[in-house]
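Working notes, beginning with the structure itself.
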Amino acid sequence: MLTINVAVLLAVVVLLRLRRRTESRSRFDEKMTVVIVLALGILLAPTPVGQGFLSFLGQLASGVTQASR
């Protein structure tokens, strides 16, 4: 039986949608892309990959804050 990870499927959909030309997108297309990206973020957040990405962004933000002082 073939199983498909929903997060991987959404990532592929996001990549395909973002490859399209910007001029040919309607407002509905842009809103749909945002909804899909948010769903992808919600699916990735509790995973180890999502936690690592969150940790990386936290360290980056901390570094930028300390550099601006």
Side-chain angles (χ1 to χ4, degrees):
M1 181 173 172
L2 177 67
T3 60
I4 299 175
N5 188 343
V6 176
V8 173
L9 181 62
L10 278 178
V12 169
V13 170
V14 168
L15 288 175
L16 291 175
R17 289 184 69 88
L18 291 178
R19 288 184 49 127
R20 291 180 43 203
R21 295 181 52 127
T22 305
E23 296 86 17
S24 64
R25 291 190 187 155
S26 66
R27 287 196 185 267
F28 179 77
D29 267 354
E30 291 175 355
K31 288 178 185 177
M32 187 58 72
T33 301
V34 168
V35 168
I36 292 171
V37 169
L38 286 174
L40 178 63
I42 290 169
L43 288 173
L44 287 180
T47 63
V49 172
Q51 294 300 317
F53 188 66
L54 181 64
S55 174
F56 170 74
L57 288 179
Q59 290 176 1
L60 183 64
S62 175
V64 169
T65 303
Q66 289 178 359
S68 65
R69 291 183 183 174

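Residues: numbered from 1 along the sequence shown.
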**Prompt:** Can you name the closest pair of heavy atoms from Arg17 and Ile36 and give their distance?
**Reply:** CD-CD1, 3.8 Å

**Prompt:** Checking side chain to side chain contact (heavy atoms under 4.5 Å, CB included) against Val37, which of Val14, Leu10, Ile42 comes through?
**Reply:** Val14

**Prompt:** Applying the 4.5 Å side-chain criterion to the ILVMFWY set and letting contacts propagate, would Leu18 and Val13 be lumped into a single cluster?
**Reply:** yes

**Asked** Going hydrophobic residue to hydrophobic residue with side-chain gaps under 4.5 angstrom, can you get from Val34 over to Leu16?
**Response** no

**Prompt:** What distance separates Thr33 OG1 from Leu38 CG, expressed to the nearest 0.5 Å?
**Reply:** 11.0 Å

Pairs under 3.5 angstrom only: tabulate donor-acceptor contacts from the side chains of residues 54-63 to other protein residues two or more places apart or in another chain.
none

